[in-house]
Novice: 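Handing you this structure, nothing more for now.
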Amino acid sequence: MELSTRYTPAEFEAGIYTEWLATGGFSPKVAPPAEKTYTIMIPPPNVTGVLHMGHALNGTIQDIVIRHRRMNGFTALWVPGTDHAGIATQAVVEKQLFEKEKKTRNDLGRDAFLARVWEWKEQHGSYILEQFRRLGSSCDWSRTRFTMEPMMTAAVRESFVRLWEKGLIYRGPRMVNWDFKLGTAVSDDEIENESRKDKLYELRYPVKDSPGEFITVATTRPETMLGDTGVAVNPKDERYGHLVGKSLLLPLVRERRDGYHFDDLVNPIAVSAEIPVIADESVELGFGTGAVKVTPGHDPADYERGKRHGLLIVSLYEKDGRLNANAGEFAGIAREKAREAICKRLDELGLLGKVEDYVHNVPISDRSKSVIEPIVSEQWFVKMEPLAKPAIAAVKNGSLKFRPERWTKVYLDWLENVHDWCISRQLWWGHQIPVWYDEDNVPVASRTDLAIGSMHPVTKKPIVRQDPDVLDTWASSWLWPFATLGWPEKTPDLARFYPTQFLSTAREIIYLWVARMVMAGYEFMDHLPMEQRIPFTTCNVHATVLDGKGRRMSKSAGNGIDPIEMIDKYGADAVRYSLILLTKEGQDVKLSPDRFDQGYRFSNKVWNAARFVLLNMSGAQIVDPTSKEGRAQTRLEDRWILSRLARVRTEVSAKLDAYLFNDAATALYQFVWNDFCDWYVEIVKGRMSSKEDPSGPVARGTLARVLSDSLALLHPFTPYVTEVLWKSLNETLSRKLPMLMNHVWPDGAGLEIDARAESEMQSIQDLVHAVRQVRNLTSAGERQPLVAKIAAPVKAERDVLLAHAATVKALAALETCEIAEKTARPKNSAVAVAGGIEVFVTLAENVDLGKLKDVLARRADKVRQGIAGIDAKLGNAAFVERADPEVVEGEKVRRAELVVELQLLERNLSDA
RNA sequence: GGGCGAUUAGCUCAGUUGGUUAGAGCGCUACGUUGACAUCGUAGAGGUCGAUGGUUCGAGUCCAUUAUCGCCCACCA
């Protein structure tokens, strides 16, 4: 196949992906009994999602791992899928419904609305997975899962019923976070605190039977005063000691409100407007007025205070966010407007004190971005403490490792302080809670649907309804590692691929998802021995991708970079490689679009290096440099590049085994660009010039070997370009090898580290570099052929140079090159010094001697500096005494070398 | 209030267990199109490693304090 001179990924990426799929795709083959499996479950993106840079990075990481393990003989499975994302998806469809038809979900009714959501999901739900495909992800598409498919429903019900049977699920009125915009409860983990500038209002509550006496409280939410059922002060606070136990007259409030006692949250009782002053340690002495209004119905801290002191709970809101009858004259007002109205009334009564600017944290719903109100509501909960125990043990006994390790602490902190999990959501899109009630409202959980009218298995009374609420999205996602494999059925997949080995995810969902999956693994995979229940053994927490200015990329800020746009422009390989080169483990990365250039240039470099190799292969004889006859024909540069290859192969393998992607990618970058392209290819060009050159065949063999192994080593990082070049290489060499994706990882056969070749090559590189420095001193446009006389007094070095004079000549662009033990400096010659070797370069009469002196002087300065540094050390008795003898010896050797070089430099400086 | 991360060249970042003259990519300067690649090559300039103190023969690296920025957790109304 002819390769065009330009690397144009758009020409082949789609075709290569099709070929991958045509050869069986990425479904793991059934391997021999002793198969080693390697499984990754994709963190299922929301069906509403669009690929962003975080996904692109994480997709790349997972694909690198799975491709590397696949090439290493593992039966490798990467399961893709999406999450139904209850709230997010319902919100999208509701919004669309309203924009297009001006209807709400209630206008349609539950079934019709859900049909709309499914329709939407079918149309848009796989978009993000297609984007993952563009990235080159080698997922097993035949196993694509969705958290709302029937298989998952079975798993969700099984898990719910099991927890129910163990008594870990309970229902009751509790303080929950209410999102009025979405009309549902949300869990603590779905809210974020936003620092906002608000007002702090002081309110005055008259003391009963003590005219003119007030207690002043401060609040950021004055409207909640209508629900106050007490005022708390610190027991040590002398200002208020005499008032504890007395009553206050709550302003604006009717004589009676409807409320509840903590012991009975079902039957309402009358609540007086006379509220007690209580003493509670939780009130901070030095803060504010020292008195806190207590609203057990609408503040989590007050809920606890109220519970401790037997206060009553008054709820103020209707489900639509307007104030209810308890608000008296303010009933029916939307909660945002109530604040103003209430303050106005209090002011008229002279009961509004200071109003000051105040910065504080306001809880915001992750999904709707609306302000969360704590309310008391009846919800389903999961008891978390028993589930957390094995998940805590898992990291403590080393079964689960986080990378970077520091996330272990984050995970542990959450688990050790875990709260019960509110799992019910007042939504329609999601797994409906598998609980049915009889006519007495007695609930029962069931794996299968209980028909209306059928018999309640416990009470034997007729079933009258199913719980209308749905489960939190994470109540299905936490089953992902095994439900995707068929659990609760005992499927062959489950037996083969569970537990998985690697989970890579974003840090935001360590609590929401990672910790819960670990809990679920231990809880539900109880048919396995303890050590095999863990859902994954390594949890990689990838970098957060920030914009060029260090801000989070977000849709609302409009500072995101669309990976698909970048793939269109630079190619998927360039996007992948750039991301990996830029992200050192979990370290955040600032990304601007032009950063993808690096990956693009690298891919282009690989492309053109391959072109060079292939152009020189056809019709020529090729000898394998690792064969017996080939070995005898190799030259220094062949042995050198093969030694470098041996090193890089070992290094990349080790780094990938350790999930150090950036290190592996950097090592390959340097090997391919610097060692192979800059040096080896340049040196070997001379041997390619004629087909008759006797050193040609083994050079061709070396080129082929290095390219072949390089492509394989690079394949996990840049799968497309390596696959297409692999194909060409195979055609050119008439090799019958499988696609690179299914090829074996290079085993290093016949390669060895050749320290001697490396050190000899180093001398040549130093020398060439020194001559090039001189060459660059000549003025523009007047380059003349250079003649060099090289004085190399040390025999070993001289022999190497003599053997490779042609190489030096070619790389340093010399006309002729004489090498001797010593040689006199010709007139008007420039001089270069490399270690103990002098190179006199003549016929460069337009050399700028001033510049030359500068170069030599600067170099001499550096060498002197080096010597001085070493002398300082060696002159220090403590150093000689205490430092490692090897280090001391090394310094001495180094000093001797530097002294030789300095002598040469000084002599030539004075001659110049 | 607690915890974590970052601070190294103009920019974006490496620097593994403390040990040669602290590196890379981009950008910049000069030069160069020899048939893999100008999406390239050659050479060069550019850094008292945030600050202070300490440990050590020796600190970008370890310890303490501190400054600035960012993230997470937390019921100060």
Side-chain angles (χ1 to χ4, degrees), chain A residues 3 5-7 192-193 200 217-221 232 282-284 286-295 299-305 360-361 374 404 406-407 409-410 413-414 417 507-508 510-511 544 546 548 550-552 581-584 586-592 594-595 597-598 600-616 660 662-663 666 669-670 677-678 681-682 685 689 769 772-781 783 813 855 862-863 865-867 869-870 872-873 876-884 886-888 890-891 893-895 897-898:
Chain A
L3 300 182
T5 62
R6 295 170 76 93
Y7 161 67
E192 45 189 70
N193 290 312
L200 184 68
V217 295
T219 181
T220 53
R221 294 183 297 158
S282 71
V283 179
E284 204 153 317
F287 188 84
T289 64
V292 182
K293 62 191 273 303
V294 183
T295 321
D299 185 281
D302 290 352
Y303 183 82
E304 295 303 323
R305 289 184 182 118
H360 68 138
N361 285 337
R406 61 175 183 273
W407 296 109
K409 194 170 144 40
V410 174
D413 284 350
W414 185 79
N417 300 298
R507 69 188 56 155
E508 300 91 71
I510 292 177
Y511 318 128
T544 300
L546 307 170
R551 298 168 308 186
R552 261 192 130 78
L581 282 177
L582 287 169
T583 55
K584 179 70 183 175
Q587 195 55 53
D588 291 353
V589 56
K590 286 184 215 165
L591 189 70
S592 53
D594 58 350
R595 307 241 103 213
D597 216 40
Q598 194 176 3
Y600 184 84
R601 289 178 193 211
F602 180 70
S603 296
N604 180 65
K605 195 74 182 173
V606 173
W607 180 267
N608 275 291
R611 281 189 66 231
F612 172 82
V613 175
L614 296 175
L615 288 171
N616 283 292
L660 298 171
N662 174 271
D663 289 348
T666 303
Y669 186 96
Q670 286 167 352
C677 293
D678 290 349
V681 166
E682 290 305 321
K685 271 178 182 172
S689 54
H769 186 238
R772 281 171 175 172
Q773 281 182 316
V774 170
R775 195 179 161 70
N776 266 289
L777 295 173
T778 56
S779 16
R783 288 273 155 95
V855 169
K862 280 207 161 183
V863 173
Q865 214 182 313
I867 293 173
I870 293 173
K873 283 186 190 177
N876 181 344
F879 172 74
V880 181
E881 226 171 87
R882 298 196 197 177
D884 192 327
E886 273 181 38
V887 173
V888 178
E891 294 289 337
V893 169
R894 177 73 190 146
R895 186 182 191 283
E897 288 169 3
L898 290 176

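Keep in mind it's a predicted model, so treat the numbers as computed, not measured. Letters go in sequence order (proteins before strands), and every chain restarts at 1.
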Novice: Check E897(A) with R894(A), please: is the shortest side-chain N to carboxylate O separation under 4.0 Å?
Specialist: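 Yes, R894(A) and E897(A) are salt-bridged.
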Novice: My validator wants the stems of RNA chain B: runs of 3 or more consecutive Watson-Crick or G-U pairs, both distances under 3.5 Å, written as range with range.
Specialist: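 Paired runs of 3+ in RNA chain B: B:1-7 with B:67-73, B:10-13 with B:23-26, B:28-32 with B:40-44, B:50-54 with B:62-66.
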Novice: Send over the distance from D302(A) CG to rA77(B) C1', rounded to a whole Å.
Specialist: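 After rounding, the gap between these two atoms is 7 Å.
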Novice: Taking side chain to side chain contact (heavy atoms under 4.5 Å, CB included) as the definition, give me every residue that meets it alongside L582(A), ordered by chain and number, with sequence neighbours left out.
Specialist: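 By the side chain to side chain contact (heavy atoms under 4.5 Å, CB included) rule, L582(A) matches V589(A), L591(A), R595(A).
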Novice: Using the C1' atom in both, what is the distance from rA67(B) to rA51(B), to the nearest Å?
Specialist: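 About 7 Å, rounded to a whole number of Å.
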Novice: In whole angstrom, give the distance that lies between atom CD of E304(A) and atom P of rA74(B).
Specialist: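 Going from CD in E304(A) over to P in rA74(B) covers 15 Å.
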Novice: With sequence neighbours excluded, what pairs up with Y511(A) under the ring pair (Phe, Tyr, Trp, His ring centres under 6.0 Å) test?
Specialist: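 Checked Y511(A) against ring pair (Phe, Tyr, Trp, His ring centres under 6.0 Å); matches are W414(A).
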Novice: Taking only residues two or more places apart in sequence, or in another chain, which ones meet L200(A) in a side chain to side chain contact (heavy atoms under 4.5 Å, CB included)?
Specialist: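 L200(A) satisfies side chain to side chain contact (heavy atoms under 4.5 Å, CB included) with A218(A), T220(A), Y358(A) once adjacent residues are dropped.
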Novice: More than 12 non-hydrogen atoms from neighbouring residues, nucleotides or ligands closer than 6.0 Å to NZ on K584(A), yes or no?
Specialist: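 Atom NZ in K584(A) is crowded, with more than 12 foreign heavy atoms closer than 6.0 Å.
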Novice: Describe the nucleic acid contact of Y511(A) in one word from base, sugar-phosphate, nothing, applying a heavy-atom distance below 4.0 Å.
Specialist: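 If one applies the 4.0 Å heavy-atom cut-off, Y511(A) turns out to touch the sugar-phosphate alone, with no base involved.
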Novice: Who pairs with H769(A) by ring pair (Phe, Tyr, Trp, His ring centres under 6.0 Å), at least two apart in sequence or on another chain?
Specialist: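 Partners of H769(A) by the ring pair (Phe, Tyr, Trp, His ring centres under 6.0 Å) criterion come out as none, since no residue qualifies.
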Novice: Using only modelled atom types and a 3.5 angstrom limit, is any donor from either the side chain of R894(A) or the base of rU21(B) paired with an acceptor on the other?
Specialist: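 By the distance-only test, yes, there is a pair.
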Novice: Taking atom P in both rG60(B) and rA9(B), what distance in whole Å separates the two?
Specialist: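 Comparing P positions in rG60(B) and rA9(B) gives a spacing of 15 Å.
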Novice: In whole angstrom, what separates E508(A)'s CD from rC72(B)'s P?
Specialist: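 Taking atom P of rC72(B) as the reference, CD of E508(A) is at 8 Å.
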Novice: Select one nucleotide: of rG25(B), rU21(B), rA77(B), the one nearest the side-chain heavy atoms of Y669(A).
Specialist: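 Between rG25(B), rU21(B), rA77(B), the one nearest the side chain of Y669(A) would be rG25(B).
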Novice: Under 3.5 Å, is there an N or O donor on one side and an acceptor on the other linking the side chain of Y600(A) and the base of rU39(B)?
Specialist: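 Between rU39(B) and Y600(A), which were checked side chain against base, a qualifying N/O pair under 3.5 Å is present.
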Novice: If we take the C1' atom in both rU68(B) and rA30(B), what is their distance in whole Å?
Specialist: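 Straight-line distance between the two C1' atoms is 39 Å.
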Novice: Nearest whole Å is fine: how far is rG1(B) C1' from N193(A) CG?
Specialist: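 That distance rounds to 14 Å.
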Novice: For R551(A), check side-chain hydrogen bond (donor to acceptor under 3.5 Å, both in side chains) against everything at least two apart and list the hits.
Specialist: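 Checked R551(A) against side-chain hydrogen bond (donor to acceptor under 3.5 Å, both in side chains); matches are D547(A).
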Novice: With sequence neighbours left out, write down each residue that passes side chain to side chain contact (heavy atoms under 4.5 Å, CB included) with T666(A), or none if nothing qualifies.
Specialist: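 With neighbours one apart ignored, the set is L581(A), N662(A), Q670(A).
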Novice: Mind checking what makes side chain to side chain contact (heavy atoms under 4.5 Å, CB included) contact with D884(A), not counting sequence neighbours?
Specialist: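 Scan of D884(A) (side chain to side chain contact (heavy atoms under 4.5 Å, CB included), adjacent residues dropped) gives E886(A), V887(A).
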Novice: Provide, to the nearest angstrom, the distance between the CD atom belonging to E881(A) and the C1' atom belonging to rG58(B).
Specialist: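 Rounded to the whole Å, the gap is 14 Å.
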Novice: Using atom C1' of each nucleotide, how far apart are rU7(B) and rC49(B) to the nearest Å?
Specialist: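 That atom pair is separated by 10 Å.
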Novice: Quick one: on RNA chain B, does R507(A) or K293(A) contact a more 5' nucleotide (nearest heavy atom)?
Specialist: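 That would be R507(A).
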Novice: The criterion is side-chain hydrogen bond (donor to acceptor under 3.5 Å, both in side chains); which residues satisfy it with R601(A), sequence neighbours excluded?
Specialist: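 Checked R601(A) against side-chain hydrogen bond (donor to acceptor under 3.5 Å, both in side chains); matches are D597(A).
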Novice: Would you classify Q773(A) as touching base, sugar-phosphate or nothing, given that sugar-phosphate means primed atoms plus P, OP1 and OP2, and contacts are heavy atoms under 4.0 Å?
Specialist: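 Answer is sugar-phosphate: Q773(A) comes under 4.0 Å of backbone atoms only.
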Novice: Shorter than 3.5 Å, N or O on both sides, protein versus nucleotides 34-37 of chain B: list them out with atom names.
Specialist:
| unit_1 | atom_1 | unit_2 | atom_2 | d |
| --- | --- | --- | --- | --- |
| rA36(B) | OP1 | K685(A) | NZ | 3.3 |
| rA36(B) | O3' | R611(A) | NH1 | 3.4 |
| rA36(B) | O2' | N608(A) | OD1 | 2.5 |
| rA36(B) | O2' | R611(A) | NH1 | 2.7 |
| rA36(B) | N7 | K685(A) | NZ | 3.3 |
| rA36(B) | N6 | C677(A) | O | 3.3 |
| rA36(B) | N6 | E682(A) | OE2 | 3.0 |
| rA36(B) | N3 | N608(A) | O | 3.1 |
| rA36(B) | N3 | A609(A) | N | 3.3 |
| rC37(B) | O4' | N608(A) | OD1 | 2.9 |
| rC37(B) | O4' | N608(A) | ND2 | 3.3 |
| rC37(B) | O2' | N604(A) | ND2 | 3.0 |
| rC37(B) | O2 | K605(A) | NZ | 3.1 |
| rC37(B) | N3 | K605(A) | NZ | 3.0 |

Novice: Determine the interatomic distance between P on rC40(B) and the same-named atom on rG25(B); round to the nearest Å.
Specialist: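 My reading of the P atoms in rC40(B) and rG25(B) gives 12 Å.
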Novice: Distance check: side-chain N/O of R406(A) vs OP1/OP2 of rC4(B), anything under 4.0 Å?
Specialist: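 Negative; the distance criterion is not met.
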Novice: First locate atom CG of N616(A), then atom CZ of R611(A), and finally report the distance between them rounded to the nearest 0.5 Å.
Specialist: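 Spacing of CG (N616(A)) from CZ (R611(A)) equals 11.0 Å.
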Novice: Can you check the distance between rU39(B) and rG23(B), where both ends of the measurement are the C1' atom (answer in whole Å)?
Specialist: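 It works out to 24 Å between them.
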Novice: Within the structure, does a side-chain N or O atom of H769(A) lie under 4.0 Å from either OP1 or OP2 of rA43(B)?
Specialist: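 Looking at the OP1 and OP2 atoms of rA43(B), one of them is under 4.0 Å from a side-chain N or O of H769(A).
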Novice: Send over the distance from R601(A) CZ to rG41(B) C1', rounded to a whole Å.
Specialist: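 The answer, rounded to whole Å, is 13 Å.
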Novice: Using the P atom as the reference point in each nucleotide, state the distance between rG46(B) and rG70(B) in Å, no decimals.
Specialist: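 Here rG46(B) and rG70(B) have their P atoms 34 Å from each other.
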Novice: Who passes side-chain hydrogen bond (donor to acceptor under 3.5 Å, both in side chains) against T295(A), sequence neighbours left out?
Specialist: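 side-chain hydrogen bond (donor to acceptor under 3.5 Å, both in side chains) list for T295(A), sorted by chain: D228(A), K293(A).
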Novice: In whole angstrom, what separates I510(A)'s CD1 from rC71(B)'s P?
Specialist: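 One finds 16 Å between P of rC71(B) and CD1 of I510(A), rounded.
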Novice: For R221(A) and D594(A), find the nucleotide of RNA chain B closest to each by heavy atoms; which residue's nucleotide sits nearer the 5' end?
Specialist: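 It is D594(A) whose nearest nucleotide is closer to the 5' end.
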Novice: With rounding to whole Å, what would you report as the distance between rG15(B) and rA24(B) at their C1' atoms?
Specialist: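 Roughly 10 Å separates the two C1' atoms.
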Novice: Between Y600(A) and Y7(A), how do the two ring planes meet: parallel, tilted or perpendicular, split at 30° and 60°?
Specialist: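 Because their plane-to-plane angle lies in the 30° to 60° range, the rings of Y600(A) and Y7(A) count as tilted.
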Novice: For every nucleotide of nucleotides 12-19 of chain B, 5' to 3': is a protein heavy atom under 4.0 Å from its base (B), only from its sugar-phosphate (S), or from neither (-)?
Specialist: BSSS---B
Novice: With a non-hydrogen cut-off below 4.0 angstrom, is L898(A) in contact with a base, only sugar-phosphate, or nothing?
Specialist: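 It contacts base atoms.
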Novice: Which part of the nucleic acid does V217(A) contact within heavy-atom distance under 4.0 Å: base, sugar-phosphate only, or nothing?
Specialist: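 V217(A): no heavy atom of the nucleic acid under 4.0 Å.
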Novice: Please report, rounded to the nearest Å, how far the P atom of rG3(B) is from the CH2 atom of W407(A).
Specialist: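 Checked: the CH2 to P distance equals 16 Å.
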Novice: Taking the side chain as everything from C-beta on, heavy atoms only, tell me whether N876(A) gets closer than 4.5 Å to K873(A).
Specialist: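 N876(A) does not reach K873(A) side chain to side chain.
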